[in-house]
Amino acid sequence: MRTALPGRATAVAALSVLLCVPAHAAQPTSPGPTGGTGGTGGTGRTAAEAAGAALAARRAAARATAEDSGGLDFRRCPDAEELPAPVRCATLRVPLDYARPDGAQISLTVSKVAATGARGAVRQGALVHNPGGPGASGMYFPLLADLPGWGRIAAAYDLVGYAPRGVGRSAPLSCQDPARGAKGPTQVPADPSPTYKRQRLAAARAYARGCARRAGAALPYYTTLNNARDLDVLRAALGERKLSFMGASYGTYLGAVYATLHPGRVGRMVLDSAVDPDPRRVWYRNNLDQSVGFERRWYDFRAWAARHHATYGLGATPAAVQASYARVRDAVARTPAGGVVGTGELRAAYLQTAYYDDVWPDRAAALAAFLRGDPARLTAQAAPDPEAAAEAENATAVYTAVLCNDASWPADWETWDRDNTELARRAPFETWANAFLNLPCASWPVRERQRPVAVGAQLERLPGTLVVAAERDGATPYPGALELQRRLGVGASLVTETGAGSHGVVGGRNGCVDRHVERYLLTGATPGWRVTCAPHPEPAPVSLDDRAASAHRALLPPVV
């Protein structure tokens, strides 16, 4: 399960005041084969894809050398990207199917700000960013160059963002009319009945058919393996011998797959809020784990609101705050807030509390105001945004296609129903919504799925890498960071923000973490096998009379 992705305006606003998937993860009850480095269609096709990817990268590198410009024609960004100067944009051509490198090509959008060289800094190459999802665009990443805390990194690196295949203007993928998700209210039962489950199963099958109808023959090629191949072509087109990379949430899995396929081409690699890369958990079981993690973070929010009962009046215990939330849920089930916020919109808005503690004051204030007779705050925070509908549908389509293509999923509804019914007894907050989001994978219309890459199976030792994680992260639970570090080998360092759970640690919440990241990117020095940082401060409560919304304190758009 992943959070709804921010719209363009939201992402740009967040940059001025952190950096997901999406994130996200899951795998079949009976895991498929996990030998080798992954692939589909047998060893013959796997070898053809590897050969095609190598050819595409060599051609991109040759063009970069011949043109002495990185091989990409960076110009003023199109208005559609909403990226101001000095950000420059280009397009990168990659094969749709790497087994046919001279066949159909697609174009990926790329953005860049050149290294400033401030204070005599020596350029260290390009730093490429993926914010997660899958389905999120990293096109905004270069905007960090002018923000506090990024000056030394921006002086030494070109900051490069891109929209992965299927995202934004990069061969965009869609599975249904965006208008279907642009209107509220949506009423979702807290405890789904058999009839409601059948309705959602039918909707999931229809969504999967819509993906096949709209994408056609291209649908099987939206995969993590192809995303990693695209990343290597981008590296070559930028004129870089090695890839320096920052990935968050799903981006950590993408980076880990890249490192497994191309260990000799890894430069500096920061992996923030790690997906568990164990092939037995990609992707079905990871999503079950995530629902447990969300329940833990939902408790953290309620405990925080209880500590500030004097401000919000929601209850002096987590259970009492839960009862207040239930009163609001029951109320919007009867009469949607503002005519557009039902229980579905309410749940989606409060899922954000499990991702980012920055939103806790506003969400608590909205509940409190609603219970005092004023639904305006809740409506403002939870109402669907019609202007973001197309972007949200595109993100959901890419998320679904990549996860469904990446691995085998249980095909029988009985398995889903059994696993999630059992899980919902101890993690009711998000379990069924998470299951229904991923349910198209049960009837996914692609005959041959990928085998999950055996991350860490490369023979060549990786250089020092940096994994960053929050101990109470719900979207990508902390055991995934431990597993990722183990698989990356002895050169991997893990920085843990203890006692915290906001998803996406790098970029402004925690100075201790950011100092480790900056030092690593500038010098290559890792801080040690495992080091810890104290948690960032919890947000202060916002009075119901305080009309200034609490600001996002981090520096990157939210990871997904």
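Everything quoted here is computed from the prediction, not taken from an experiment. Heavy atoms only: backbone and side chains are in, while hydrogens, waters and symmetry mates are out.
Put simply, the side chain of R280 does not reach to within 4.5 Å of the side chain of R285, judged on heavy atoms. Inter-residue side-chain proximity for H503 and S249 is flagged as met; some heavy-atom pair is nearer than 4.5 Å. Y399 places none of its side-chain heavy atoms less than 4.5 Å from the side chain of L173. In this structure the side chain of T224 reaches within 4.5 angstrom of the side chain of V402, judged on heavy atoms. In this structure, P375 and V332 have side chains that are not in contact, with every pair of non-hydrogen atoms separated by 4.5 Å or more. Counting heavy atoms from C-beta on, the side chains of L351 and W298 never come closer than 4.5 Å. Using a 4.5 Å heavy-atom cutoff, the side chains of L83 and M139 are in contact. Between T109 and E81 there is a side-chain heavy-atom pair separated by less than 4.5 Å.
Looking at Y478 and D473, their side chains never bring a donor and an acceptor atom within 3.5 Å of each other. Side-chain contact of E497 with N510: a donor-acceptor pair under 3.5 Å is present, judged by distance alone. Between the side chains of N227 and Y250, at least one donor N or O lies within less than 3.5 Å of an accepting N or O. Side-chain atoms of Y196 and R200 form a donor-acceptor pair, as typed in the model, at a separation below 3.5 Å.
A distance-only check finds no donor-acceptor pair linking the side chain of N130 to the backbone of G247 [under 3.5 Å]. Put simply, the side chain of N394 never gets that close to the backbone of V167: no donor and acceptor are under 3.5 Å apart. Between the Q381 side chain and the L378 main chain, no donor and acceptor come within less than 3.5 Å of each other. With hydrogens and angles ignored, the 3.5 Å screen pairs no side-chain donor or acceptor of D357 with any backbone N or O of T353. Put simply, the side chain of T431 gets close to the backbone of A427: a donor and an acceptor are under 3.5 Å apart. No donor-acceptor pair under 3.5 Å is formed between the side chain of D272 and the backbone N or O of G504. In this structure, the side chain of E430 does not engage the main chain of S291 through any donor-acceptor pair within 3.5 Å. When atom types are taken as modelled, the side chain of N286 and the backbone of V275 share no donor-acceptor pair closer than 3.5 angstrom. Here the side chain of N226 pairs a donor or acceptor atom with the backbone of Y221 at under 3.5 angstrom. Between the side chain of E345 and the backbone N or O of P336, no donor-acceptor pair lies under 3.5 Å.
In terms of heavy atoms, P428 sits closest to E295 at N-OE1, 3.2 Å. Nearest approach of A435 to W416, heavy atoms of both residues: O-CZ3, 3.6 Å. Annotation for R169 and A80: closest pair CD-CB, 4.2 Å, computed over non-hydrogen atoms. Shown here for V233 and A56, the closest heavy-atom pair between the two residues is CG2-CB, 3.9 Å. Between R449 and C441, the closest heavy-atom pair is NH2-O, 3.2 Å. The minimum heavy-atom distance between G501 and A470, with the atom names listed, is CA-CB, 4.0 Å.
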List the steps, then state whether side chain to side chain donor-acceptor pair (under 3.5 Å) holds for R214 with S174. CA-CA 7 Å; R214 287 172 173 251; S174 174; 3.2 Å; yes
Please report the C-alpha distance between T252 and L254 in whole Å, then the side-chain angles of each, then the deciding distance to 0.1 Å, and finally whether the side-chain contact (heavy atoms from CB on, under 4.5 Å) criterion is met. CA-CA 5 Å; T252 68; L254 173 60; over 6 Å; no
Pair W432, N420 - check side chain to side chain donor-acceptor pair (under 3.5 Å), show working. CA-CA 7 Å; W432 281 114; N420 287 280; over 6 Å; no
Give the intermediate values and the outcome of side-chain contact (heavy atoms from CB on, under 4.5 Å) for residues K112 and L159. CA-CA 6 Å; K112 184 181 80 167; L159 301 187; over 6 Å; no
List the steps, then state whether side-chain contact (heavy atoms from CB on, under 4.5 Å) holds for S244 with V128. CA-CA 6 Å; S244 289; V128 180; over 6 Å; no
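For CD of E387, the number of neighbouring non-hydrogen atoms (other residues, nucleotides, ligands) closer than 6.0 Å is 12 at most. Atom OH of Y299 has 12 or fewer neighbouring heavy atoms from other residues, nucleotides or ligands inside a 6.0 Å radius.
Note that CG of D158 is 9.5 Å distant from CG of L127, once rounded to the nearest 0.5 Å. How far OH of Y98 is from CG of D232: 8.5 Å, rounded to the nearest 0.5 Å. A distance of 8.5 Å separates CD1 of I106 from CZ of R93, quoted to the nearest 0.5 Å. Between the OG1 atom of T91 and the CZ atom of R75 there is a distance of 9.5 Å, given to the nearest 0.5 Å. Taken to the nearest 0.5 Å, the CD atom of Q105 stands 10.5 Å off from the CG atom of D97. Distance check: L484 CG to L271 CG gives 5.5 Å after rounding to the nearest 0.5 Å.
Taking a cutoff of 4.0 Å between a charged side-chain nitrogen and a carboxylate oxygen, D278 and R487 qualify as a salt bridge. In summary, R165 and D230 engage in a salt bridge, as defined by a charged side-chain N under 4.0 Å from a carboxylate O. A salt bridge links E49 with R229: at least one charged nitrogen is closer than 4.0 Å to a carboxylate oxygen. Between R297 and D300 a salt bridge is recorded (basic side-chain N to carboxylate O distance below 4.0 Å).
With L439 as the fixed residue, the side-chain contact (heavy atoms from CB on, under 4.5 Å) test singles out one of W413, W409, Y207: W413.
A ring-centre distance under 6.0 Å is not found for Y350 and W360. Taking the six-membered ring for Trp and the full ring otherwise, the centers of Y355 and F294 sit less than 6.0 Å from each other.
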